[in-house]
Amino acid sequence: MISFEDVDKAVEYLRSSSKEASQARANVRYLGEFLKSQKASLKLSFPGISNAAAEDQALASVEYRDALHGYEAAVEKDAYFQFMREAADAMIRAWQTQQATARSEGRAYQ
C-alpha cells in the first residue's frame with residue numbers, strides 16, 4: 001500500500017524539481033543546436049577539401065568530441081529528471097487507483 005506521506009513526497013518532488021528539470025531539457029535543446037554550429041565552424045577550418053572530408057575531420061576533432069561530451073552530460077541529466085518525474089507521477093496515479101478501489105470496495109459491502 002502506498003501511503004499518503006509517500007504521495008505527498010512525490011507531489012513535492014514534482015513541484016520542487018520543475019525548474020531544474022526544465023533547465024535540463026532546455027540545455028539538451030541548446031547543446032543539440034550548438035553541436036550543429038560547432039560542426040559547421042570546424043568544417044570551415046578545413047579549406048580546400050571536399051565537404052564530406054571536412055565533415056569527417058570536424059567530427060574527429062577534439063573540439064567536437066568535447067562538445068559531444070557536454071551534450072551527453074546534458075542528455076543524462078534530462079533523462080534522470082524525466083524518469084524520476086515519471087516515477088513520481090506513476091506513484092501518484094497508483095495511489096489514486098488504490099484509493100478508488102478502496103472506496104468502491106467499501107460501497108460494495110454496505
Side-chain angles (χ1 to χ4, degrees):
M1 298 282 290
I2 300 169
S3 71
F4 180 76
E5 291 77 24
D6 291 336
V7 172
D8 195 42
K9 288 177 189 175
V11 170
E12 176 58 25
Y13 175 76
L14 289 173
R15 187 198 63 71
S16 66
S17 68
S18 62
K19 176 117 174 98
E20 196 173 356
S22 64
Q23 184 62 54
R25 179 71 46 92
N27 289 344
V28 167
R29 291 182 180 160
Y30 170 80
L31 288 171
E33 295 302 313
F34 176 76
L35 279 174
K36 294 177 191 176
S37 174
Q38 181 76 358
K39 182 170 69 169
S41 294
L42 290 166
K43 284 171 64 173
L44 292 174
S45 69
F46 300 106
I49 61 175
S50 72
N51 187 45
E55 183 166 344
D56 288 345
Q57 291 290 332
L59 293 176
S61 72
V62 172
E63 294 89 351
Y64 189 80
R65 279 192 302 246
D66 288 345
L68 196 57
H69 287 305
Y71 181 71
E72 176 187 33
V75 169
E76 181 180 354
K77 188 170 186 177
D78 178 48
Y80 170 79
F81 278 113
Q82 179 181 347
F83 292 131
M84 291 298 290
R85 292 174 64 80
E86 286 175 5
D89 185 57
M91 179 185 294
I92 293 165
R93 286 184 282 115
W95 178 80
Q96 289 171 331
T97 301
Q98 177 182 303
Q99 296 302 306
T101 301
R103 284 191 303 273
S104 70
E105 288 174 351
R107 282 189 226 125
Y109 295 114
Q110 291 180 358

Atom of Ala24, atom of Lys77 and distance for their closest heavy-atom approach: CB-CG, 4.2 Å
Listed by chain and number, what are the side chain to side chain donor-acceptor pair (under 3.5 Å) partners of [X], not counting sequence neighbours?
X	result
Lys19	none
Asp6	Ser3
Ser41	none
Gln98	none

How long is the gap from [atom1] on [X] to [atom2] on [Y], to the nearest 0.5 Å?
X	Y	atom1	atom2	value
Asp66	Gln38	CG	CD	8.5 Å
Lys39	Leu68	NZ	CG	11.0 Å
Thr101	Arg103	OG1	CZ	8.5 Å
Phe34	Leu31	CZ	CG	7.5 Å
Ser37	Leu42	OG	CG	9.0 Å
Ser50	Lys43	OG	NZ	9.5 Å

Inter- and intrachain pairs under ring-ring contact (aromatic ring centres under 6.0 Å, His included), touching residues 44-81, at least two apart: none
Short N-O contact, Arg85 and Asp89, less than 4.0 angstrom: no
Lys9/Glu12 salt bridge by N-O under 4.0 Å criterion: no
Cluster companions of Phe4 among Ile, Leu, Val, Met, Phe, Trp, Tyr (side-chain spacing under 4.5 Å): Ile2, Val7, Val11, Leu14, Met91, Ile92, Trp95
Test item: Arg25 side-chain N/O and Asp78 main-chain N/O as donor-acceptor pair under 3.5 Å: no
Atom CD of Glu63: over 12 foreign heavy atoms under 6.0 Å: yes
Distance-only donor-acceptor check, side chains Asn51 and Glu55, under 3.5 Å: no
